2 protein chains.
Amino acid sequence: VDTLSLETWLQPPENRLALHEVDRLLSTTAISRGDGRTRSLREASAPMILVDPVVAIGEGENRRLSGFLELTSTDAIIVLRGDEILYEKYFGDNGPQSRHIVMSVSKSLCGMLAGTLVAAGELDPDTRTSVFVPELAKGSWGSTTVRQLLDMTAAPDFDMNYLDPSAEVQAGDRSAGWRPRRDGDAAGTREFLEGLRGLGEHGREFHYCSATTDVLAWVLERAAGIPYERLLGERIWSKIGAEADASITVDDHGSPYACAGMCMRLRDLARFGRLILEDGRVSGEQIIPTSWIRETARGGLFETEDEFDRASGTYKNQWWVPSDDRGTFYAVGIFGQYLWLDPATDLTIAKFSSQPKPLDHSEEHVFAFRSLSDTVARQSSRHVLSEGINK
Amino acid sequence: VDTLSLETWLQPPENRLALHEVDRLLSTTAISRGDGRTRSLREASAPMILVDPVVAIGEGENRRLSGFLELTSTDAIIVLRGDEILYEKYFGDNGPQSRHIVMSVSKSLCGMLAGTLVAAGELDPDTRTSVFVPELAKGSWGSTTVRQLLDMTAAPDFDMNYLDPSAEVQAGDRSAGWRPRRDGDAAGTREFLEGLRGLGEHGREFHYCSATTDVLAWVLERAAGIPYERLLGERIWSKIGAEADASITVDDHGSPYACAGMCMRLRDLARFGRLILEDGRVSGEQIIPTSWIRETARGGLFETEDEFDRASGTYKNQWWVPSDDRGTFYAVGIFGQYLWLDPATDLTIAKFSSQPKPLDHSEEHVFAFRSLSDTVARQSSRHVLSEGINK
């Protein structure tokens, strides 16, 4: 494959190239790293390095890490403890400098960005959406609050079946420029959002819906008064010590696809994770409020019932929260994109994949990441023990 | 303007936005900055800073610098002496982090890249083009040498009239994905190059031609065995202390438009200039051979007779060389893109513009840049003098 096409880029075998060469196919705009220093990540010392550990990929089912990575069509993975690299691997023509699309991991960046506006007094989550975006007063979103957007409890009439052309999620993709247009499609993401109808009462249940994040992004843009991609750059991307600009896909009017369109280097995604695990602070500066991160990690009100969520749990501020005993929360995108944060072991796992199908292997990922965390915890206690003996 | 269209992006008023938002409209791929340190540029001390000096813009015609910048639809300009910033300004919605297209300044990056391959023994300029690219053996390029490509003395049948749809330069743009396709157009840049006919004997005259650079890029890619964008990243862009990735537009097959398609931040273009003025070395490492830079600055064999060249002079290794008494050489792209290097005063000027017409104001630029160089030389000698007095 060297040609990419709007009809088939999300399908195998084309998606193996397309997911890290999005700017060859789609309209994008940059999210700036600023011009500051890169956060340095260093190789861990020998006893802590993961060679090819056995991981669980299901109840009573184990595999070597390398086997799990192959099974899940991995393009790139990095495992950090603190700022130390325990494991890092690239596959195919991916490398540390490839910029891979992160799909719905984009949502979780949006959620943290919202926290910076709340802290700055620019956004009150209890406000109605239409206060910020009057264009949405009439349709499905008119009576939603920002809080409902954040936690995905708004209830638009929206089918998330990624493989059905008549589903709203595909219509949204088409208006965003991700798929070939059909007659009657909205001319852009925001026109699409305006046209969505309501389904039920907002705030009563969890409804995982890509459009909800795009509405949230529109709210943030209005609340801060600058375009979403600049806002993300100024408040977050230029603060994490990123080594490269990120990018985001945009529609014909230049509006970003906040729910899915971000592309970035793997190490930079991991650096974003590090910022969160360090309570949102970088060398004394508070980038994301600690309270916002803690609120996120505590999880939401409603049990999720979504195919991503084999681990069960809740969804809060655009993050998945399994509510396990280690305080894990994570971001996930279709075709196998992950940012997994385990506060108990100070572990960050970032993973890019190009699975043949959008929704496969969620369960395997959750098992494998937990299992990696266990391995690191064990190695670490052995390491501490042996250091003690050596003294 | 917020929508960009393939029909009109190069025209005013749309080009004011389009030229720094190319990735919104065209297919691109990244040229990596690597993950190293940024070369720091620092504000000059007060007596050296340029406030708004009077500059010449023609024979006996003067204007304030600000007036010249307005006249030439400037988007961004930086003036460096050594690594010190004497002047830096951004206009409209451009900023230090905008990534602007540099048009034919891209050619000059290609020319310096060639020098790295010559130094590595991968490329002998006396070799025939078809040795590296057998696909070109039959057409216009079959009997050219790499040297003729470098110095633009190949003679393809190629009309550079940028405003004529029947000119080869527009057909090249169409095959590169820059303009809407017409029946009979080549499917991509390389197919377009294969189809070009010859006009006269190669090596006898200067023929400024965009396709020549694309052939050169193809040669470099084959000589090194890796794609052009990766080659540029590995050999040059990751070595200059760039603060951001550059990008380059690509056709439907992913082939880059080496003659015109690079986009970058202004300061990074200036950093590329600094590398050259420092004899191709960065902290002891030789990136571009000094001999290649000197050969370039000495100029070519044939007088140029091109609309860019109101300063007269020659063209060598993809650089314009006016052969003045200060050793100036420079890169220029349509709509007002410049990298001006003045070894005598150690001056680097990088400028992005979005002029209404592609070819205007070349003469004014050359006058103004010379004049800025004079001003700096004067200020500098006064500065040295006054420092002497103070002692």
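As the structure is a computational prediction, the values presented were derived from the model and not from experiment.
There is no contact between A:Arg37 and chain B, counting heavy-atom distances below 4.5 Å. B:Thr38 touches chain A through its side chain: at least one heavy atom from C-beta onward sits under 4.5 Å away, while N, CA, C and O do not. In this structure, chain B has heavy atoms under 4.5 Å from both the backbone and the side chain of A:Arg33.
Among the candidates A:Thr249, A:Thr28, A:Asp251, the residue making the largest number of heavy-atom pairs closer than 4.5 Å to chain B is A:Thr28. In terms of non-hydrogen atom pairs under 4.5 Å with chain A, the most contact-rich of B:Pro96, B:Ala244, B:Ser255, B:Gly34 is B:Gly34. Among the candidates B:Thr29, B:Val250, B:Val22, the residue making the largest number of heavy-atom pairs closer than 4.5 Å to chain A is B:Thr29.
Taking CG of A:Leu25 as the start and CG of B:Asp252 as the end, the distance is 9.5 Å to the nearest 0.5 Å. Annotation: the span from B:Arg230 atom CZ to A:Gln97 atom CD amounts to 9.5 Å, rounded to 0.5 Å. Residue B:Ser27 holds its OG atom at 10.5 Å from CD of A:Glu21, rounded to the nearest 0.5 Å.
Ion pairing between A:Asp245 and B:Arg265 holds under the 4.0 Å rule for side-chain N and carboxylate O.
The ring pair (Phe, Tyr, Trp, His ring centres under 6.0 Å) pairs that include a residue from residues 217-268 of chain B are B:Trp178-B:Tyr257, where partners are two or more places apart or lie in different chains.
The shortest heavy-atom contact between B:Arg99 and A:Ala30 is NH2-CB, 4.3 Å.
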